[in-house]
Amino acid sequence: MLLPSFGAKHNDDNKAPRYDAYSDEERLAEILSKIDGVGEVSVMITYYGTTSCDVAFEQKQDSTQSEQETTMRRENSVITSGGTPLVKGEVYPKAKGVVIIAEGSSDVQVRKSITDAACAALELASCKVCVLEGKERN
């Protein structure tokens, strides 16, 4: 799972922070390119689902009592502020897999270093990381 600090957040004046998956790809590519023996890097991360908001709810309870039974009724309602739902936080999508194209990855040790770094950053098993040799651009 991606850590919230790994995903970039943008703050517009009237908007809540947003998760940006493309920034994750850019940051991972930047980090991987700093590994000894690695040249230019391109990254594509796939995710399970999308970002969702964790909305605040309040629970209201009513109970009515008669001679024979007591009835409890619970109702959840969204807490709003100025007509918009109060957002407690965001739930970030979990990484499903990653494809990494990297110059220098034909070397076995460099490929292993790239795989290890991607696994650590994205909390993925190594079978979910595909590292391929990139071609030089002229």
Inter-residue atom distance [X].[atom1] - [Y].[atom2], 0.5 Å rounding:
X	Y	atom1	atom2	answer
Ser33	Leu28	OG	CG	9.5 Å
Asp36	Gln109	CG	CD	10.0 Å
Asp24	Tyr47	CG	OH	4.0 Å
Glu26	Ile31	CD	CD1	12.0 Å
Tyr48	Lys96	OH	NZ	6.0 Å

State which residues pass salt bridge (Lys or Arg N to Asp or Glu O under 4.0 Å) with Glu133; sequence neighbours excluded, sorted by chain then number.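 Residues passing salt bridge (Lys or Arg N to Asp or Glu O under 4.0 Å) with Glu133: none at all.
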
Among Ile101, Ile35, Leu32, which one satisfies side chain to side chain contact (heavy atoms under 4.5 Å, CB included) with Val41?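 Result: among Ile101, Ile35, Leu32, Leu32 is the only option passing the side chain to side chain contact (heavy atoms under 4.5 Å, CB included) with Val41.
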
Is Ser105 reaching over with its side chain to a backbone N or O of Leu132, donor-acceptor style, under 3.5 angstrom? yes

Heavy-atom distance under 4.5 Å between the side chains of Val98 and Thr46, does that happen here? no

Looking at side-chain heavy atoms only, is the closest gap between Val99 and Val43 below 4.5 Å? no

Check Asp116 with Lys112, please: is the shortest side-chain N to carboxylate O separation under 4.0 Å? yes

Side chain to side chain contact (heavy atoms under 4.5 Å, CB included) for Val38 and Val110? Distances and angles first, verdict last. CA-CA 7 Å; Val38 177; Val110 171; 3.5 Å; yes

Take Glu25 and Arg27, measure what salt bridge (charged side-chain N to carboxylate O under 4.0 Å, His left out) needs, and give me the verdict at the end. CA-CA 6 Å; Glu25 292 174 352; Arg27 284 191 65 195; over 6 Å; no

Could you tabulate the donor-acceptor pairs under 3.5 Å formed by side-chain atoms of residues 53-61, not counting sequence neighbours?
none

Taking all non-hydrogen atoms of both residues into account, name the closest pair between Ile100 and Ala118 and its distance. CD1-CB, 3.6 Å

